[in-house]
2 protein chains.
Amino acid sequence: MERNPSALASTVRSPLRKHGIRLTRQRELLFEIINNSHDHLNADQLYELAKKQDAKINRVTVYRTLKLLKTEGLIDELDLMHFDGEQHYYETRLKQPHAHIVCLRCGSVQEFFGEPLQRLREQIESGFGFQILVNRTEVGGYCADCQNTLPSEETLEAGPARRKVIPSKRRSSPKK
Amino acid sequence: MERNPSALASTVRSPLRKHGIRLTRQRELLFEIINNSHDHLNADQLYELAKKQDAKINRVTVYRTLKLLKTEGLIDELDLMHFDGEQHYYETRLKQPHAHIVCLRCGSVQEFFGEPLQRLREQIESGFGFQILVNRTEVGGYCADCQNTLPSEETLEAGPARRKVIPSKRRSSPKK
DNA sequence: GTCCATGCAAAGATTTTGCAAGCGT
DNA sequence: ACGCTTGCAAAATCTTTGCATGGAC
């Protein structure tokens, strides 16, 4: 994918400016990658992607920027039921709240948008006088495919711990 | 609080037996503590509480038991919006699903039981053909008290990052 | 008696911190 | 020019693993 510095960067700059975030090469790049990604990226994946465009970028900068964007409400942090370890995943903040549905067998993630999520929000705000800033709902279980594919005994006896062997999304290469 | 081996232990044994979990002193103790706790405990707090009744118990056993109970669906794992670090919190599995509402200022946690949660579940099951095993919804923001207490400028300008100074719930003493 | 669970030591994975140098405004 | 940001190295935090011993069934 090619980079168009002026066009892409500017779509990313205005939200950052609005939040009074000092613009740096690294922040623009990282926010742009998260915005354009169709997946939920973890810190390591983001770091690896960023390195392709800025070989000097440091992992620490990734963590600091993620924390900043999260604090400002520009991105959301997900755990995805810790299917693949303890790291977090990130996505741009969408206008509509949505739930993440994680298959504990194959690791697939689906998104659910729907009325119960708005109602949940309203009831919490009015019922508790609570001011909601972040909203995370995650559901774990077996997707339609994995239910059909697997023998019922295994489902019942082995329980959700057994993982399908799937290429790990965790920290890729050596620690360096 | 005093220990009544026969009464308390037996309320804890039958669920463990039902799940084919081999009964050990440590597992009974840990599950009992989680069941009787009115708070959401993290691994370290659980470990510290357990040590009071079994000075020899090992932290590793706590982690292994938590994983087991979680896999078996006897307890649920919470993140509580990572208000106080990256550790997890645990609670007995209740029959009714509920959301956890975390104040990002004072760290208080409230629980919401309500119809939108059941509807969410139903819609995900019917709409996706998904078999739900775990359900976690967490909401972060400012509780009624913290909204009232704080000057609006601080709320608006400082953003959600600023934490009230609250005794940490993280790993207590030295690593040993 | 067999197999699983525990304890201990060590390592692994992820994230944070201190500090000097660099960059944005 | 000032102050926030970055990079680097090191540390901190939380969790898992290997292996020998001990306990459950």
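To find a chain, count down the sequence lines: A is the first, B the second, and so on, and within it residues start at 1.
Put simply, the side chain of B:E48 never gets that close to the backbone of B:Q45: no donor and acceptor are under 3.5 Å apart.
The side chain of B:T24 lies closest to D:dA24 when the candidates are C:dG7, C:dG24, D:dA24. Taking every side-chain heavy atom of B:Y63 into account, D:dT15 is the closest of D:dT15, C:dT14, C:dC19. Residue B:R64 places its side chain closer to D:dT17 than to any other of D:dT15, D:dA9, D:dT17.
Map B:L23 and B:H88 each onto its nearest nucleotide of DNA chain D; the residue landing nearer the 5' end is B:H88. Between A:R17 and B:K56, it is B:K56 whose nearest contact on DNA chain C lies nearer the 5' terminus. Remark on DNA chain C: of its neighbouring residues B:E86 and B:L68, the 5'-side contact belongs to B:L68, judged by nearest-heavy-atom nucleotide. In terms of position along DNA chain D, the nucleotide closest to A:D54 lies nearer the 5' end than the nucleotide closest to the other residue of the pair B:I21 and A:D54.
At the phosphate of D:dT15, neither OP1 nor OP2 sits under 4.0 Å from any side-chain N or O atom of A:H82. For A:N58 and D:dT6, the shortest distance from a side-chain N or O to OP1 or OP2 is not below 4.0 Å.
The shortest non-hydrogen separation linking B:L78 to B:R136 is CA-CD, 4.0 Å. Across all their heavy atoms, B:G129 and A:Q147 have their closest contact at O-NE2, 2.7 Å.
In this structure, B:R27 reaches the sugar-phosphate backbone alone: every heavy-atom distance under 4.0 Å involves primed, P, OP1 or OP2 atoms, never a base.
Taking the six-membered ring where the residue is Trp, B:F113 and B:H98 present parallel rings, their angle staying beneath 30° rather than reaching 60°.
Judged by atom type and distance alone, B:R22 reaches the base of D:dA24 through a side-chain donor-acceptor pair under 3.5 Å.
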